[in-house]
Structures are given as structure tokens and as C-alpha cells.
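In this chain, numbering begins with 1 at the start of the sequence shown.
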Amino acid sequence: MQNNEILSSLNPAQRQAVEYCDGPSLVIAGAGSGKTRVLTYKIAYLMQNGVEPWSILALTFTNKAAREMRERIGRLVGEHEASMLWMGTFHSIFARILRYESESIGFTSHYTIYDDKDSASLIKTIIREMGLDEKQYRPGAVAHRISEAKNELITPSLYVLDMSLMRRDQMTRMSRIHEIYSTYQNRLRQSDAMDFDDLLLNTYLLLKSNPEIRRKYEERFHFVLVDEYQDTNYAQHQIVWLLTEHRQRVCVVGDDAQSIYSFRGARIDNILSFRNAYQGAQLFKLEQNYRSTQTIVGAANSVIKNNRRQIQKDVFSQKEVGEAIEVVEAYSDKEEAAIVARKILELRQHCGFDYGDVAILYRTNDQSRIFEEEFMRRKYPYRIYGGLSFYQRTEVKDSLAYLRLAVNPHDEEALRRVINKPARGIGNTTMERVYTCAIEHGVTPFEVISNPVQYSLPVNAATQGRLVRFADFISECNRAASTEEASTLAVRMLNESGLVDSINAGREPEDRERQANLQELLNSITSFVEDNREEGRATLLPDFLQTVVLLTDADKQLPQDGQTITLMTVHAAKGLEFRAVFVVGLEEDLFPSEMAQEEGNVEEERRLFYVAVTRAEERLFLTWSHSRMRYGKFQNNQCSRFLREVPAQYLSSQKREGSLLFGSSRPAMPSRTEVQRPVPSQRPLRPVRQVQSSFTAAAPLPSGQQVSVGAHVEHARFGRGVVTAIEGSGMDVKATVDFENSGRKQLLLRFARLQVIAG
């Protein structure tokens with residue numbers, strides 16, 4: 001294919017970005033503007049103009065992106081030529097360079113690359129060898145700190161000189177991390193091994209410390225191209241600089257408005273300050289969006305313009321104006337899920353959408369639970385993208401195993417799972433002896449651990465004591481399971497077992513996710529108790545566990561025809577697109593998150609919202625609820641400030657006119673002018689709050705109000721409805737209510753949170 005043929009399919013802005021090859025360039029690519037197309041065609045254009053493929057270095061963040069680009073380039077210039085490109089992820093390309101130059105940094109060319117599990121195992125071994133408490137020096141947390149240091153190009157010798165890092169470690173009671181880091185690096189070198197982060201750190205050290213090797217690669221790579229530059233960390237940015245400082249033939253492509261990975265070390269300053277680093281760099285803006293309707297693009301533009309730190313651009317769409325964005329205001333998270341499910345049904349029945357055309361995007365992983373349960377009940381097929389279904393997550397399964405033991409102490413699989421979670425000195429060897437003893441005596445393992453002396457279990461007295469204490473704890477919970485409400489018993493059992501403290505001990509991002517999942521499980525139990533109490537049904541732990549089993553069994557029976565609703569966090573959605581998108585949970589302190597507000601990082605939350613909105617091609621729904629179960633309590637919410645920032649011209653709002661339960665149909669929202677909170681100095685990440693149960697009986701109906709057939713009512717969880725029947729007498733009077741979105745419910749009036757409203 002000739003140059004003119006290559007360029008003819010590009011729009012003017014894309015063509016300018018492709019043709020400029022005389023110096024550094026920054027291509028700001030708005031959402032859906034053809035970023036990959038520009039990179040692909042620029043590489044093909046260079047090759048058509050005589051640049052040898054082996055002198056082009058193209059760096060991506062995923063193997064998928066590199067593979068797709070190589071295939072496209074192959075179709076343009078030939079597969080053989082495309083195969084000779086230096087194209088791949090940062091880690092794969094740098095691993096290749098390090099194998100060529102390994103002797104210069106003291107490794108052989110056959111060095112091993114440790115994956116995350118290998119690294120964690122080695123760190124765990126070192127912690128044990130140093131005699132440190134694993135509850136205090138959790139291997140995952142230590143690995144995260146070491147990874148952060150490497151991505152900031154901080155070696156062990158520099159780490160110990162960094163007073164801010166040393167103070168942070170002291171504040172979090174991990175003051176010996178620098179020793180673990182130093183030992184870890186020495187052990188890696190002894191093993192002729194590197195971890196993933198070393199592939200960046202060692203490449204930087206190789207180029208920085210060896211001028212001849214640096215010059216060799218500067219001369220080899222005539223052109224360097226980088227995809228998703230807004231996601232680069234400090235190490236990646238510095239390596240690119242070392243390779244391009246003198247020749248200055250570098251093109252980076254990205255979108256500062258989609259920089260959402262600071263928690264992984266990404267630095268938005270890398271793209272914002274690119275033209276300061278490379279004097280005279282040309283700026284190209286790709287502003288035509290090929291993905292979304294004009295309405296969706298206009299709304300996204302309006303919101304992101306509120307960020308102060310950005311490269312200004314005006315993204316536009318030449319697609320149709322499209323449907324207005326629906327803003328859905330729900331009474332509760334439960335009704336929010338029901339409304340979303342009903343909207344999906346409408347899209348399928350009336351608009352020609354399939355399940356696979358729809359995505360549900362949320363800020364935190366734990367939000368998936370209520371949608372999963374709603375979809376299971378309705379038999380809607382769904383999948384969790386980039387993660388596990390709620391009830392399959394480790395901390396949730398561990399918690400449920402404890403609760404199963406409370407109901408049935410002889411549940412062997414549950415016993416196996418949690419008898420040493422958290423660690424209580426009952427290891428695998430002990431348990432194998434327990435199982436063998438149980439088989440020999442024809443009893444259950446629980447009977448053996450309850451009476452180790454009676455069954456002659458071959459363990460020492462200290463181990464016998466630990467087993468009996470665990471068995472006594474389970475037995476006491478088992479006695480309570482027949483009388484104590486599920487939420488109360490679950491909270492007490494998980495706290496007293498040590499599981500809550502164990503999960504809350506972590507301070508890293510993945511720990512916060514585990515904490516949130518645990519709290520969401522307890523929220524679900526509290527919600528189960530409150531709903532069942534109002535409906536006059538059983539509220540004990542066996543009943544809750546039966547509900548969970550039926551839900552997860554229903555999940556297995558969902559149709560598997562490839563057409564499934566996609567549920568995912570907004571972070572996981574970056575780079576994807578769907579015909580219809582629901583962005584849910586748009587409330588202050590949830591999206592934007594409470595932590596982001598406290599740390600003065602609302603601008604990244606707004607970029608995250610921008611990413612969510614621009615995943616939609618045709619239909620966009622923004623939903624929020626007035627109340628949500630959090631930390632075991634119902635909390636009243638304000639809708640997210642990001643909703644206020646979307647101009648009314650783009651919206652079709654389903655408001656609650658004349659709501660007596662919540663007052664105004666649209667409560668006051670935060671001012672458009674944000675007050676950024678100060679960034680705390682060296683503030684350690686806080687654990688999620690202690691879980692709690694807080695059922696409060698419903699308040700009686702206001703004086704003079706009567707619930708009668710035909711009455712219009714509101715309910716804090718189920719929304720609006722009409723009373724269709726009244727039955728029973730005295731304390732057992734029940735009202736049957738047909739709710740707009742939550743279906744038909746029979747509620748005990750002495751517990752029901754109903755309020756009569758005008759029809």
C-alpha cells in the first residue's frame with residue numbers, strides 16, 4: 001500500500017499526526033477518536049518512507065494492544081515487515097534488552113522472571129527468617145511497598161535515605177521494610193532472577209550507568225512511539241527519556257482526561273509536562289469521536305471541563321444527536337438495581353438491544369452484589385469482567401464458611417477452609433491427623449477437635465488446647481444460631497473469630513477492596529434481616545444461608561450463550577465500549593469517593609466519571625439512590641456533584657415529584673465550585689470501619705394516617721407503590737403493596753416503613 005493510500009482513510013487531524021516525523025510530538029486522543037489507528041498508520045507510514053522496521057520501537061501496556069497493532073500494520077505493509085518491529089509491552093521489550101545486556105548488570109542471559117506469586121513467596125520466606133510477625137508485616141503489603149519503590153526508581157540504598165518513606169513505615173509499624181527490601185534484592189540476584197518491577201528498574205540502571213549501551217540503543221531506535229502515555233509511571237517515563245533525549249524522535253499518544261491509575265503509580269504529569277521536557281514538541285489533538293452520540297460526547301465534555309489540570313480540547317461527534325441521557329433517582333440501592341433491570345428489559349423488548357450490548361459500571365467492586373442478586377432473581381445472564389462474582393471472592397467465601405459452621409459444625413469443607421483463618425496455630429499436619437482420626441473412629445472431624453483426648457488425637461497439649469477453643473467457639477455460635485438474628489450473630493462471629501481484624505489490618509488498595517467486600521456481605525445480611533422482618537419471614541442465619549445457596553445455584557443455571565450483561569468497575573472498563581451503559585451509585589462519598597475527597601484527588605475521580613460516560617455508544621443511564629446500606633446502616637445520600645455538572649440540555653431526568661419521604665425530588669447538591677481538601681501529610685491508609693449491625697424498628701405511621709386498600713405509599717427501600725390488600729388483625733396486620741419497581745410485597749404494618757402519600 002502506497003503512502004497516499006495509507007493516508008487517504010484518515011481524517012485531517014489524524015493525518016497531520018501521522019505525517020509529522022521531524023521531532024517530538026504529543027498526540028492527545030479524545031475518547032473514541034481513533035488513537036490506535038493513528039499509531040498503526042504512523043508506523044506503517046514510517047516504514048513506507050524507508051525507516052527500517054527494526055529501528056522502530058513501539059511500547060504498549062498490554063499484549064493485546066501490541067498484537068492488534070502488529071496485525072493491522074501487517075495488513076498495511078506486509079506481515080514479514082511487521083514481524084521485525086520492536087513492538088510490545090514495556091516489560092516484554094525491556095526484558096529482551098536486559099537479556100542482551102545482562103552481563104553489564106551482573107546477570108546471565110538466562111535469568112528467571114519471578115511472577116507475583118513467586119515474589120510473594122520469597123518475601124514471605126524472608127519475613128519468617130527475620131522472625132517478624134506476619135500479621136504486622138503482611139507479605140502482600142510489603143510486596144506493594146517494594147513495588148512502589150522500584151517504580152519510583154528507589155533502590156534499597158536510596159530507600160533507607162528517604163526520610164518520608166522511613167517515617168511512613170514507622171507510622172504503619174513496618175519500620176524494617178528497608179531491610180526486607182535489601183534482603184529480597186540480594187536473594188533475587190543470588191537466584192539470577194528479577195521480578196516484573198526489576199524489568200523497569202534494571203533497564204533504567206543499565207541505560208543510566210552505561211553510556212555506551214545507552215548510545216547503542218539511542219542509535220538503534222530512530223523512532224520511539226508510546227501508547228497510553230497518561231498511564232506511564234516515573235520509571236517508564238525516565239526510560240523513554242534516556243532512549244530519546246538526543247535524537248528526540250518520539251511520539252507519545254494518550255488522553256490526560258483518561259488518566260485514572262494513580263493508585264498504580266501512573267503520573268498524569270508525564271503527559272501534562274511532555275512539552276516542557278521536549279522543547280519544541282508538536283501538539284496534535286484528535287477531537288472527533290467515532291464512538292458515541294453527540295449527546296453523550298457533549299455531556300462528557302461539559303463535565304471534564306471542570307478539571308483545572310488538563311490539556312484543553314473540544315471533542316465532537318458527527319454521529320446522530322441520539323437519545324437524551326436518563327438520570328434515574330431511586331429510593332434505595334435495592335430499588336436502583338430493580339430499575340436498572342427493568343430498563344434492560346425495555347431495551348431488549350423495544351429497542352433491539354441484546355444482553356451483550358449492556359454494561360453496568362460502578363465505582364467499587366462490592367457494588368456488584370446487589371445487581372448480581374437482582375439479575376439472578378430475574379434469570380438475566382451476566383458476567384463480572386476482570387474479577388469474580390461477589391459470592392466467589394475469597395473473603396466472602398471465608399466469611400460464609402464461618403457462618404455455615406455456626407449452622408452446621410459438622411460441615412467438613414467449611415471447617416477445612418477456616419480452621420486456620422486467621423492463623424491460630426492449627427496447621428495442615430494437625431488437620432491431616434484430625435481427618436485420619438475421624439475416619440478411624442467413624443466420627444466427624446468436628447467431633448475429634450471437640451474431644452481430642454477422648455479420640456487419642458496424636459498432637460501435643462498446646463495444640464489440643466487450640467483445637468478445643470476453636471470447637472467451643474463454633475459450638476457457642478451454633479447454639480445462638482437458632483435464636484439470634486442473622487445480622488447480629490454474623491457480626492459477632494466474624495469479629496470474635498479474628499477474621500474482621502485480619503482483613504482490616506491491611507492498608508493497601510487490594511486490602512481496601514477485601515474490606516469493602518466483607519462489609520458488603522454484612523450489609524446484605526442486615527438487609528436480609530430487615531426485609532424479612534417487615535415481610536414477616538424468618539430472620540435467622542440458616543434462612544440467610546439458604547437464600548445465598550439458592551442465589552448462587554441460580555447463577556450456575558443462567559444461560560451461557562455468549563450474550564451476557566457485563567458488570568465491572570469503571571477502572572476495568574477503560575478501552576471498552578458498549579451500546580448501552582449504566583453508571584450506577586452516583587452519590588457523594590461513593591463517586592467521587594470519600595477518600596478521594598479527603599486526599600484532594602477529586603479531579604482524578606472526575607476523569608474516572610469521564611471514562612465511564614464515554615464507554616457508551618448509543619444509550620447512557622446515570623443512576624443514584626437516596627439511601628444505601630453502608631457499614632451496616634442505611635445512609636442518606638446526596639447525588640454526585642458530577643451529575644450537577646451535566647447540563648440539563650443533555651438529560652431526561654426521572655425525578656420523584658412531591659416526595660414526602662425525602663422532601664424535595666432533587667435535594668441540594670454540592671456547589672459547582674469545589675473546595676479541595678488539603679492533602680494529609682504522610683497519612684496512612686485507614687482500615688474500613690468496624691462492621692456493625694443496627695436494625696431499628698420502623699417508626700409508626702404519622703398521627704392520623706391510615707393504610708387502606710388503594711392508598712399510595714412510599715417505602716425507604718422499595719420505593720412507591722399502591723396498597724392492594726389488607727389482612728390479619730392486631731400485631732399481625734399485613735398490607736400487600738404493588739411497588740413500581742420492586743414488585744409485590746406483603747409487609748407487616750408494625751414493622752413496615754410505609755408513608756401514605758397523595759395519589
Side-chain angles (χ1 to χ4, degrees), residues 31-32 255 257-261 263 289 291-293 295-297 299-300 303-304 323 325-330 333 336-344 347 353-375 380-390 513 516-517 520 564-593 596 604-625 628 637 639-643 645-646 650-651:
D255 183 7
Q258 297 186 68
S259 179
I260 59 174
Y261 294 126
F263 67 96
N289 179 298
R291 175 188 301 152
S292 307
T293 64
T295 295
I296 293 169
V297 170
V303 173
I304 202 63
E323 297 285 338
I325 298 166
E326 286 195 38
V327 176
V328 177
E329 178 182 348
D333 49 358
E336 180 185 35
I339 293 173
V340 168
R342 181 169 56 78
K343 293 286 183 184
I344 292 172
L347 288 173
F353 285 68
D354 290 324
Y355 286 123
D357 295 326
V358 179
I360 315 296
L361 307 185
Y362 35 78
R363 178 63 182 83
T364 59
N365 261 314
D366 55 288
Q367 290 173 257
S368 75
R369 193 266 306 173
I370 203 158
F371 292 95
E372 290 186 65
E373 291 183 1
E374 184 68 28
F375 294 164
Y380 286 9
Y382 72 90
R383 62 170 181 150
I384 304 291
Y385 181 89
L388 295 171
S389 294
F390 181 79
E513 191 168 294
N517 286 333
E520 183 60 23
T564 57
I565 302 164
T566 301
L567 281 72
M568 69 178 94
T569 63
V570 183
H571 282 102
K574 187 169 174 289
L576 304 177
E577 54 192 49
F578 301 88
R579 288 182 67 193
V581 168
F582 292 81
V583 186
V584 300
L586 283 167
E587 297 133 30
E588 286 293 301
D589 294 342
L590 184 56
F591 198 176
S593 74
E604 179 155 330
E605 292 287 294
R606 187 176 286 107
R607 294 194 293 269
L608 193 60
F609 180 73
Y610 176 85
V611 167
V613 167
T614 54
R615 299 312 94 197
E617 297 174 355
E618 300 173 31
R619 298 295 302 275
L620 177 63
F621 301 83
L622 308 176
T623 77
W624 72 286
S625 65
R628 184 176 297 275
N637 307 313
C639 70
S640 169
R641 68 191 70 191
F642 302 148
L643 282 177
E645 292 171 357
V646 180
Y650 301 118
L651 302 177

Of the options Phe390, Tyr362, Tyr385, which is the one that meets Leu567 in a side chain to side chain contact (heavy atoms under 4.5 Å, CB included)?
Tyr362
Between Phe371 and Phe375, what is the ring plane arrangement, given parallel below 30°, perpendicular above 60°, and tilted in between?
tilted
Any side-chain heavy atom of Glu617 sitting closer than 4.5 Å to one from Thr293?
no
Of the non-hydrogen atoms in Val303 and Val646, which two are nearest, and what is the gap between them?
CG2-CG2, 3.5 Å
Test item: Met568 and Leu576 side chains (from C-beta on) under 4.5 Å apart, heavy atoms
yes
Is it the case that over 12 heavy atoms from other parts of the model lie below 6.0 angstrom from the CZ atom of Phe353?
yes
Ile344 and Phe582, any side-chain heavy atoms less than 4.5 Å apart:
yes
Would you find a donor on one side and an acceptor on the other, under 3.5 Å apart, between the side chain of Thr564 and the backbone of Pro381?
no
Gap separating the OG atom of Ser593 from the CD atom of Glu604, nearest 0.5 angstrom
9.5 Å
Which atom names give the shortest non-hydrogen contact between Gly356 and Phe578, and what distance separates them?
O-CD2, 4.3 Å
Just wondering, do Ile565 and Ile360 contact through their side chains at under 4.5 Å, heavy atoms?
yes
How about Tyr610 and Gln258: does a side-chain donor come under 3.5 Å of a side-chain acceptor?
no
To the nearest 0.5 Å, what is the distance between OG1 on Thr569 and CG on Asn365?
5.5 Å
Check for a donor-acceptor pair, side chain of Asp354 on one end and backbone N or O of Asp357 on the other, with a separation under 3.5 Å.
no
Heavy-atom check, side chain of Tyr261 versus side chain of Lys574, under 4.5 Å:
yes
Interatomic distance, Leu388 atom CG to Ser368 atom OG [nearest 0.5 angstrom]:
10.0 Å
Check whether Asn637 reaches the backbone of Ser625 with its side chain - one donor and one acceptor, N or O, closer than 3.5 Å.
yes
Backbone N/O of Gly585 and side chain of Glu336: donor-acceptor pair under 3.5 Å
yes
Could you tell me whether the side chain of Arg363 reaches within less than 4.5 Å of the side chain of Val570, counting heavy atoms only?
no
Could you give the distance from CD (Glu323) to CD1 (Ile296), rounded to the nearest 0.5 Å?
10.0 Å
Thr623 and Leu586: CA distance, side-chain angles, deciding distance, side chain to side chain contact (heavy atoms under 4.5 Å, CB included) verdict:
CA-CA 6 Å; Thr623 77; Leu586 283 167; over 6 Å; no
Between Val297 and Ser292, the two heavy atoms sitting closest are CG2-CB, 3.9 Å
With the side chain counted from C-beta on, respond yes when Thr566 and Arg383 share a heavy-atom pair under 4.5 Å apart, and no when they do not.
yes
Arg607 versus Ser259, closest heavy-atom pair with distance:
NE-O, 2.7 Å
Residue pair Glu326, Arg619: steps toward the side chain to side chain contact (heavy atoms under 4.5 Å, CB included) verdict
CA-CA 8 Å; Glu326 286 195 38; Arg619 298 295 302 275; 3.1 Å; yes
Charged N-O contact under 4.0 Å between Arg641 and Glu645
no
How far apart are the closest heavy atoms of Phe591 and Val583, and which atoms are they?
CE1-CG1, 4.3 Å
Hey, does the side chain of Asp366 reach the backbone of Glu520 with a donor-acceptor pair shorter than 3.5 angstrom?
no
Is Phe609 close to Pro592 at the side-chain level, that is, under 4.5 Å between some pair of heavy atoms?
no
Distance-only polar pair, side chains of Glu587 and Ser640, donor-acceptor under 3.5 Å
no
For the residue pair Thr614 and Arg291, confirm or rule out a side-chain donor-acceptor distance under 3.5 Å.
no
Electrostatic pair Glu577:Arg615 at N-O distance under 4.0 angstrom
no
Set out, in order, the CA-CA distance, both residues' side-chain angles and the distance that settles side chain to side chain contact (heavy atoms under 4.5 Å, CB included) for Thr295 and Ile325, then state yes or no.
CA-CA 7 Å; Thr295 295; Ile325 298 166; 4.0 Å; yes
Output the distance between atom CD (Glu588) and atom CG (Leu643), rounded to the nearest 0.5 Å.
9.5 Å
Give the minimum heavy-atom separation between Val581 and Ala612, together with the two atoms involved.
CG1-O, 4.0 Å
Once you round to the nearest 0.5 Å, how far does CG of Leu361 lie from NE2 of His571?
12.0 Å
